[in-house]
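Contents: one structure, followed by commentary.
Labels below follow one simple rule: chain letters A, B, ... track the order of the sequence lines, proteins then strands, and each chain is numbered from 1. Scope of the values below: all heavy atoms of this structure, side chains included, with no hydrogens, waters or symmetry mates.
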Amino acid sequence: MSYKYWNLSLFVMEYAATIVVGETGSGKSTQIPQYLKEAGWADGGRLIGCTQPRRLAVQTVASRVAEVGMKLGEEVGYTIQFEDQTNPGMTMIKFLTDGVLIREMMEDPLLTKYSVIMVDEAHERSISTDMLLGLLKMIQRRRPELRLIISSATIEARSMSTFFNIRRKNSLLGSSDDLPNPEPAILSVEGKGYTVEIHYVEEPVSDYLRAAVNTVLLIHEKESPGDILVFLTGQDDIDAAVKLLNEEIQHLGRHYLDLLILPLYSGLPRGDQDLIFAPTSKGKRKVVLSTNIAETSLTLEGVVYVVDSGFSRQKCYNPISDIESLVVTPISKASARQRAGRAGRVRPGKCFRLYTEEYYLNEMQSEGIPEMQRSNLVSCIIQLKALGIDNILGFDWPASPSPEAMIRALEVLFSLGILDEDAKLTVPIGFQVAEIPLDPMISKMILSANDFGCSDEILTIASFLSVQAVWVSVRGVKKEFDEAKLRFAAAEGDHVTFLNIYKGFHQSGKSSQWCYKNFLNFQALKKVVEIRGQLLRIVKGFGIPLKSCDRDMQAVRKAIIAGSFANACHLEEYSQNGMYKTIRTSQEVYIHPSSVLFRVNPKWVVYQSLVSTDKHYMRNVIAIEPSWLTEAAPHFYQFRTPNPALH
DNA sequence: GAGCACTGC
């Protein structure tokens, strides 16, 4: 084991919080927990916890630690949703996602089993990481013996340090001799990446797609062997660039046929993603055109050149309209450095930025906006409420969301009957919703299913709503794909269509062949089954029996409305293009082309979520009767300005 | 009329 961290245990002994700054890949996440174990932090049955933002990272880091003499599932273990590889009483080092650790707080609010918790990749500032940081700071006030290690790739560590500085003027903690220093320590560790030479464009480019294609061709012409990774913003960008590149290759001839062009984004079917990880055959050069997925979630070996467009798609939230949208946004310097670092994993590399050095130095933001400040907060707030944190506005957030966003979330939870007038969780609905690991609207739908005698159906629907990419679209067979979809399509809408798919999948004996034939994503359907199992265990715990309504789809739709009544829309009669308006805010919306109700355009619909790009598209849509709205949510619809469309 | 950055419980 490396002694790079020889002084870490001294820091952890002495300071309440230690901030470790070092690039990803410096071995922090594997070495620090082992070092803490040797220093005795797991003695006496205590746990050393280490959180990661992603499931895959939890699994890989845990197995890497297991390689050096500890058994996975015994001394070292991990917990992610659907999988617990720990052994209580035996496990000393536990890796887990930050979301799982927050869930553990519901059972054990002070996380008493842990002596040290390391939060890895804190610079990513995901909602759950930020929530966890706020909660850990709070726990430390009650449990000063708990030690924290915050691991970050950027020097934003300084603001982390301010956040964790818990020195107070009139400390009530008594003598400070046996207590840790409340001011965080900062420790820097060297990354083990190779140097990456940065190149900028001389003049700003007007068309980054064209510029990216030209840069790839130039690299192939002038530079030594090594794969190329290009960062673009989304699937359409990537598909367009693949097409452009292939056209150029045809024109340019022989030498360029050595280029192997591959797209990469999360929606890609499994088999296509595997191609990307296959080693490049001799004499070939791989060119991977990717979304942000290759920035953090996936690591490609063999990349020596990175082409950075300087843009990514980012979530952005408007609390007034309560709409989240995806907007192409300039990336931050931290992101640009992370992208460049992807070129230096196997040997020194080069990064070609499609923006000027002047722009990088003077205009690019140094850090991105934390996700917490770009999101709808309903899930986050219900979890804090369940942990007994009542003063949401006064919570000590690492990055405080706007008061408007917090108030909007409180309003939504109130309208669903999850919070009462004093903004306390209702009994039992509110507490039950908090326990279900889904969007509160979907959780509310599950609980209401009991009233309509259709819990069986609703559990299936809720599970489908939690997986993306139920369908696999294969290029070139659009007709067959559309026909397959029609076989399951239900006149009521997408939710009922999911029931038909689930039934078919079940009858096929959960066959992957059957999925393949029907253009369905086998991995996704397996996940549906898994989620459904977890949900069933939870609702049984509430005393809700599994009950089917057989073919009464009206009951199913009423249960859906009990959660999503706020998403009701009405077709604009005189619109020729399928325009709907939301009842609540008269927002212009359209049925998403992936919906079975696309082009069907029923008069009244309720949608599950909005995908907002250039237009607002409703995803997962169901046809309803307007009278069901007032029935389901009189408080929401009755006292509003009379809407002539309703009568 | 025509589309989905990325995670997670």
Winner on side-chain proximity to A:Tyr265, out of B:dG8, B:dG3, B:dC6, is B:dC6
If we count only N and O atoms by modelled type, under 3.5 Å, do the side chains of A:Glu295 and A:Ser335 hold a donor and an acceptor together? yes
Check the distance between B:dG8's P and A:Met106's CE and give it to me in whole angstrom. 18 Å
What nucleotide among B:dA5, B:dC9, B:dG3 has an atom nearest to a side-chain atom of A:His592? B:dG3
Distance-only donor-acceptor check, side chains A:Gln587 and A:His616, under 3.5 Å: yes
Does A:Ser266 put a side-chain nitrogen or oxygen below 4.0 Å from OP1 or OP2 of B:dC6? yes
The side chain of A:Tyr617 is closest to which nucleotide in this list: B:dG8, B:dC4, B:dC6? B:dC4
Among side-chain atoms of A:Asn376 and A:Arg408, is any donor-acceptor pair under 3.5 angstrom? no
Quick note, A:Ser297 side chain, CB onward, closest among B:dC6, B:dA2, B:dA5 is B:dC6
Any side-chain N or O of A:Arg619 less than 4.0 Å from the OP1 or OP2 oxygen of B:dG3? no
Find the distance A:Arg103:CZ to B:dG8:P and express it as a whole number of Å. 15 Å
Please work out if A:Thr296 contacts a base, only the sugar-phosphate, or nothing of the nucleic acid, heavy-atom cut-off 4.0 Å. nothing
For A:Ile127, answer base if it contacts any base atom (sugar-phosphate contacts may also be present), sugar-phosphate if it contacts only those atoms, and nothing otherwise; contact means non-hydrogen atoms under 4.0 Å. nothing
Under 4.0 angstrom, heavy atoms only, what part of the nucleic acid is A:Ser312 near: base, sugar-phosphate, or nothing? nothing
Taking syn as a glycosidic torsion within 90° of 0 and anything else as anti, which one is B:dC4? syn
How is A:Ile293 classified with respect to the nucleic acid when contacts are heavy atoms under 4.0 Å: base, sugar-phosphate, or nothing? sugar-phosphate
Can you tell me how far P of B:dC9 sits from CG of A:Leu56, to the nearest Å? 12 Å
Give the rounded distance in Å between these two atoms: CD of A:Glu324 and P of B:dC4. 14 Å
Just call it for A:Ser128: base, sugar-phosphate, or nothing, with non-hydrogen atoms closer than 4.0 Å on any strand. nothing
Applying a 4.0 Å non-hydrogen cut-off, can you work out what A:Arg54 is touching in the nucleic acid: base, sugar-phosphate, or nothing? sugar-phosphate
Need to verify one output field. Residue with the more 5' nearest nucleotide on DNA chain B, A:Lys315 or A:Lys615? A:Lys615
Would you classify A:Gln468 as touching base, sugar-phosphate or nothing, given that sugar-phosphate means primed atoms plus P, OP1 and OP2, and contacts are heavy atoms under 4.0 Å? base
Picking from B:dA5, B:dC9, B:dG3, which would you name as closest to the side chain of A:Gln235? B:dA5
Nearest to the side chain of A:Pro437, which nucleotide is it out of B:dG3, B:dA5, B:dC9? B:dC9
What's the closest nucleotide to the side chain of A:Pro593 if the choices are B:dG3, B:dC9, B:dA5? B:dG3
Looking only at the side chains, is there a donor atom on one of A:Thr460 and A:Arg532 sitting less than 3.5 Å from an acceptor on the other? yes
Regarding A:Thr86 and A:Lys94, do their side chains bring together a donor and an acceptor under 3.5 Å, going by distance alone? no
Nearest heavy-atom contact between A:Phe95 and A:Ser29 is CE2-O, 3.5 Å
Value in whole Å for how far the P atom of B:dC9 lies from CD of A:Gln534: 9 Å
Give the rounded distance in Å between these two atoms: CD of A:Glu107 and C1' of B:dC9. 14 Å
Whole-Å distance between B:dT7 P and A:Leu101 CG? 21 Å
Need one value for A:Asn292: base, sugar-phosphate or nothing, where a base atom within 4.0 Å counts as base even if backbone is also close, heavy atoms only. nothing
So what does A:Gln314 touch, heavy atoms closer than 4.0 Å: a base, only the sugar-phosphate, or nothing? nothing
Rounding to a whole Å, what distance do you find between A:Met372:CE and B:dG8:P? 17 Å
May I ask you to check whether A:Gln81 and A:Gln534 show a side-chain donor-acceptor distance below 3.5 Å? yes
